[in-house]
Visitor: 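First, the structure itself, so that you have it in front of you.
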Amino acid sequence: MIALELFIEFALLSFVAFGGATALLPEMHRVVVEHHHWLDDTTFTHLYAIAQAAPGPNVLVVTLIGWEIGGLLGALAATLAMCLPMSVLIYLLIDRWESFAGKRWQKAISIGVAPLAVGLIFSGATLIAQAAQFGWAAWLLVAATVVANLRTKLHPLWFIGVGAALGLLGLV
Amino acid sequence: MPSRPDLRALFLAFSSVGLSGFGGVLPFARRMLVDERRWMSGEEFNAQLGLCQFLPGPNVVNLAVVVGKRYQGALGAIVAPVGLLAGPFAIVLLLALLYDAYGSLPLAQGMLRGIAAVGCGLLFAMAWRMGAAIKDKPWFLPFTALVVVAIAGLRWPMPAVMIAGLLLSGGVAYWLLGRK
């Protein structure tokens, strides 16, 4: 049953989701597109785009992937799998957090995980570019977005709007 | 004195957080909890967020579990994250239905392509910003490069890469912490 398979795959991923669901993009692509062939490259990119344009926590890209693969049950299974294991763990650990917060090993993990998360998010960006087979115009838009996002405080929604408009006009 | 929210208040408050942000809602969660409803102080928020960010998974979902548990125990820990996710869940499914119906139209394809390009740019920018915030760059940025090679280049499975990476990178961090 595909919903169950989805649940197991995504629950496994939730244990390494340092940096949230965004950091999982490359691995979700590997599992869903390359390994299981549940989706193709184009659909995967489209789902990422839809999740970008929708309000809510970043984790909802998982919901969309689940929906395209296994309908409503798939969407529920994927979302639950991504949230449930850590939710249970955090429920059990929060009262003891004070006792290990600030310990040397705890700080070491927090510091050590950050450069890995950067690598994951960078990989996610290259992967979207590859999967969408960007031409020069799209790369130009990518570059413009990077510069504008780093230099200004414009709300991300403006970027999404400009991207959607340029895409509608067939310029990307 | 901060009031003690009931289940209904938890559900509604986290629903509003879930629906108010694009590309991450954590700042909205802080505003709601600390500034608007005053359920916790800024310091308490930071302390609670510590574990949520320490553990993997969606930080803001983890935070909803923590806040829910704090005020309404096990039921609260279920109701708060469900409130956070229910609205956005319904919206993305609605968008998915539209996509299934019209996604093959050239106009829709073009639009999604444009959004994907912008989304890709936002990811690069996020990686840049997070990378810039790392201290001791000569020690730690090589691990970033290794992750990119292993994940984007060699397409190795992420769990193995993360475990190995965390042992190495965390080991270096542990050693550096001892030196100071």
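Lettering of chains follows the sequences in order, A, B, ..., and the numbering in each one begins at 1.
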Visitor: Under 4.5 Å heavy-atom distance to chain B, tell me which part of A:A21 shows up: side chain, backbone, both or neither.
Guide: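 Neither part; nothing is under 4.5 Å.
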Visitor: Measure across B:G18 and A:P57 and return the closest heavy-atom pair with its distance rounded to 0.1 Å.
Guide: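 The answer is O-CD, 4.1 Å.
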Visitor: Which atoms of B:W156 are under 4.5 Å from chain A, going by heavy atoms: the side chain, the backbone, both sets, or neither?
Guide: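 For B:W156, the contact with chain A is made by the backbone alone.
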Visitor: Out of A:A138, A:A144, A:P26, A:A101, return the one with the most heavy atom pairs under 4.5 angstrom to chain B.
Guide: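 Result: the option with the highest number of such pairs is A:P26.
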Visitor: Taking side chain as everything from C-beta outward and backbone as N, CA, C, O, which of these in A:L93 sits under 4.5 Å from a heavy atom of chain B? Side chain, backbone, both or neither.
Guide: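 Its backbone and side chain both get close to chain B.
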Visitor: Report yes or no: do B:D100 and A:W67 form a side-chain donor-acceptor pair below 3.5 Å?
Guide: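 Side-chain D/A pair, B:D100 to A:W67: present.
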Visitor: Tell me, do B:F54 and B:L49 make a side-chain contact under 4.5 Å, heavy atoms counted?
Guide: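 In short, these two side chains do not touch, never coming nearer than 4.5 Å.
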Visitor: I need the residue from A:A49, A:A53, A:G124 with the largest number of non-hydrogen atom pairs under 4.5 Å to chain B.
Guide: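 If we count pairs closer than 4.5 Å to chain B, A:A49 comes out on top.
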Visitor: I'd like to know which of B:F124, B:F140, B:W139, B:F143 tops the heavy-atom pair count under 4.5 Å against chain A.
Guide: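 Option with the greatest count: B:F124.
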Visitor: Please look at B:V60 and chain A and tell me whether the side chain, the backbone, both or neither of the residue comes under 4.5 angstrom of a heavy atom of that chain.
Guide: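 Contact with chain A: side chain only.
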Visitor: Are the side chains of A:I90 and B:L51 in contact, using a 4.5 Å heavy-atom criterion?
Guide: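 Yes. Closest side-chain heavy atoms under 4.5 Å.
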Visitor: Report which part of B:P142 has an atom under 4.5 Å of a heavy atom belonging to chain A: side chain, backbone, both, or neither.
Guide: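 For B:P142, neither part sits under 4.5 Å from chain A.
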Visitor: When heavy-atom pairs shorter than 4.5 Å are enumerated against chain B, which of A:A108, A:A165, A:G161, A:A117 gives the highest number?
Guide: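 The option with the most such pairs is A:A108.
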Visitor: I'd like to know whether A:L73 forms a side-chain contact (heavy atoms from CB on, under 4.5 Å) with A:M1, so could you lay out the CA-CA distance, the side-chain angles of the two residues, the decisive distance to 0.1 Å, and finally the verdict.
Guide: CA-CA 11 Å; A:L73 211 56; A:M1 198 177 125; 3.7 Å; yes
Visitor: Quick check: are there more than 12 heavy atoms from other residues, nucleotides or ligands sitting under 6.0 Å from CH2 of A:W97?
Guide: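 Counting other residues, nucleotides and ligands, CH2 of A:W97 exceeds 12 neighbours.
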Visitor: Check A:E34, A:E27, A:H35 against B:R155 for a side chain to side chain donor-acceptor pair (under 3.5 Å) and give me the one that passes.
Guide: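 For B:R155, the side chain to side chain donor-acceptor pair (under 3.5 Å) check succeeds only for A:E34.
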Visitor: So for A:V59, is it side chain, backbone, both, or neither that comes closer than 4.5 Å to the heavy atoms of chain B?
Guide: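 Side chain only.
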Visitor: Taking B:A133, B:A64, B:P88, B:A173 one by one, which has the highest count of heavy-atom pairs under 4.5 Å against chain A?
Guide: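 Max contact count across the listed options: B:P88.
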Visitor: Does any backbone or side-chain atom of B:Q109 lie under 4.5 Å from a heavy atom of chain A? Answer side chain, backbone, both or neither.
Guide: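 It is both, since atoms from each part get that close.
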Visitor: Examine whether an atom of A:A137 lies under 4.5 Å from a heavy atom of chain B, and if so say whether it belongs to the side chain, the backbone or both; otherwise answer neither.
Guide: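 Neither part, no heavy atoms under 4.5 Å.
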Visitor: Of the listed residues (B:P159, B:A108, B:P157), which shares the most heavy-atom pairs with chain A below a 4.5 Å separation?
Guide: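 It is B:P157.
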Visitor: State, to 0.1 Å, how close B:A29 and B:L63 come at their nearest heavy-atom pair, and which atoms those are.
Guide: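 For B:A29 and B:L63, the tightest heavy-atom pair comes out as CB-CD2, 3.9 Å.
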Visitor: Top residue by heavy-atom pair count (under 4.5 Å) with chain A, among B:V61, B:I163, B:L122, B:L141?
Guide: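 The residue among B:V61, B:I163, B:L122, B:L141 with the greatest pair count is B:L122.
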Visitor: Relative to chain B, which segment of A:I109 carries a heavy atom at a distance below 4.5 Å: side chain, backbone, both, or neither?
Guide: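 Both backbone and side chain.
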Visitor: Give, as side chain, backbone, both or neither, the part of B:I134 having an atom under 4.5 angstrom from any heavy atom of chain A.
Guide: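 The answer is the side chain of B:I134.
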Visitor: Can you say whether B:N62 sits under 4.5 Å from chain A via the side chain, the backbone, both, or neither, judging by heavy atoms?
Guide: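 Contact with chain A: backbone and side chain both.
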Visitor: Can you classify the ring geometry of A:F134 versus A:W139 as parallel (below 30°), tilted (30 to 60°) or perpendicular (above 60°)?
Guide: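 Perpendicular, since the angle between the ring planes exceeds 60°.
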Visitor: Counting heavy-atom pairs under 4.5 Å to chain B, which of A:V172, A:N149, A:V113 comes out on top?
Guide: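 Among A:V172, A:N149, A:V113, the one with the most close pairs to chain B is A:N149.
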Visitor: How about A:E5 and A:W38: do any of their side-chain heavy atoms sit closer than 4.5 Å?
Guide: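 Answer yes - side chains close enough.
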Visitor: Who among A:L89, A:L169, A:L64 has the most heavy-atom pairs with chain B under 4.5 Å?
Guide: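 When all of A:L89, A:L169, A:L64 are compared, A:L64 has the most.
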Visitor: Side chain of B:S15, backbone of B:G83: donor and acceptor closer than 3.5 Å?
Guide: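 Confirmed, B:S15 side chain pairs with B:G83 backbone.
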Visitor: Between A:L166, A:I128, A:I111, A:V147, which has the largest tally of heavy atom pairs under 4.5 Å with chain B?
Guide: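 Option with the top pair count is A:I111.
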Visitor: So does A:G112 get a backbone contact from the side chain of B:S169, meaning a donor-acceptor N/O pair under 3.5 Å?
Guide: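 Confirmed, B:S169 side chain pairs with A:G112 backbone.
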Visitor: Using every non-hydrogen atom in the two residues, find where A:A148 and A:F159 come nearest and quote the distance to one decimal.
Guide: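 The pair with the smallest heavy-atom distance is CB-CE2, 3.5 Å.
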Visitor: Between A:T43 and chain B, with a heavy-atom cut-off of 4.5 Å, which part of the residue counts as in contact: side chain, backbone, both or neither?
Guide: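 Answer is both: backbone and side chain atoms of A:T43 are under 4.5 Å from chain B.
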Visitor: Given heavy-atom pairs under 4.5 angstrom as the criterion, report whether the side chain, backbone, both or neither of B:V65 touches chain A.
Guide: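 Side chain only.
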Visitor: Is a salt bridge present between B:R30 and B:D35, judged by a nitrogen-to-oxygen distance below 4.0 Å?
Guide: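 A salt bridge is absent here (no side-chain N lies under 4.0 Å from a carboxylate O).
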Visitor: Ion pair present between B:E44 and B:R70, side-chain N to carboxylate O less than 4.0 angstrom?
Guide: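 Answer for the salt bridge query: yes.
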Visitor: For the candidates B:A117, B:A152, B:G170, which exhibits the highest count of non-hydrogen atom pairs separated by less than 4.5 Å from chain A?
Guide: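 Among B:A117, B:A152, B:G170, the one with the most close pairs to chain A is B:A117.
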Visitor: Please classify the contact between A:S14 and chain B as side chain, backbone, both or neither, with a heavy-atom cut-off of under 4.5 Å.
Guide: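 Contact with chain B involves the backbone of A:S14 alone.
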Visitor: Under a 4.5 Å heavy-atom cut-off, does chain B meet the side chain of A:F15, its backbone, both or neither?
Guide: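 Answer is backbone: N, CA, C or O of A:F15 sit under 4.5 Å from chain B.
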Visitor: For B:R113 versus A:A132, what's the shortest heavy-atom pair and its separation?
Guide: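 In this case the closest contact between B:R113 and A:A132 is NH1-O, 2.8 Å.
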Visitor: Answer with side chain, backbone, both or neither: which region of A:A75 has an atom nearer than 4.5 Å to a non-hydrogen atom of chain B?
Guide: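 Both backbone and side chain of A:A75 come within 4.5 Å of chain B.
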Visitor: For B:A132, which atoms come within 4.5 Å of any heavy atom of chain A: side chain, backbone, both, or neither?
Guide: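 Neither part, no heavy atoms under 4.5 Å.
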Visitor: Heavy-atom distances under 4.5 Å only: say whether A:Q106 touches chain B with side chain, backbone, both or neither.
Guide: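 Contact with chain B is through both the backbone and side chain of A:Q106.
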Visitor: With a 4.5 angstrom heavy-atom cut-off, which part of B:I91 approaches chain A: side chain, backbone, both or neither?
Guide: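 Contact with chain A is through the side chain of B:I91 alone.
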Visitor: So which of B:G50, B:A77, B:G131 has the largest heavy-atom pair count under 4.5 angstrom toward chain A?
Guide: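 The answer is B:G50.
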Visitor: Please state whether the side chain, the backbone, both or neither of A:L140 comes within less than 4.5 Å of a heavy atom of chain B.
Guide: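 Neither; nothing under 4.5 Å.
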Visitor: Where does A:L127 contact chain B at under 4.5 Å (heavy atoms): side chain, backbone, both or neither?
Guide: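 The side chain, not the backbone.
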Visitor: Taking all atoms of both residues into account, what is the closest heavy-atom pair of B:G42 and B:V34, and its distance?
Guide: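 Nearest heavy atoms, B:G42 then B:V34: N-CG1, 3.7 Å.
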Visitor: Show your working on ring pair (Phe, Tyr, Trp, His ring centres under 6.0 Å) between A:W105 and A:F100 and close with a plain yes or no.
Guide: CA-CA 9 Å; A:W105 64 267; A:F100 61 87; 5.6 Å; yes
Visitor: Go through the side-chain N and O atoms of A:E9 and A:H36 and say whether any donor and acceptor fall under 3.5 Å apart.
Guide: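 Their side chains do contain a donor-acceptor pair, which is all the 3.5 Å distance test asks for.
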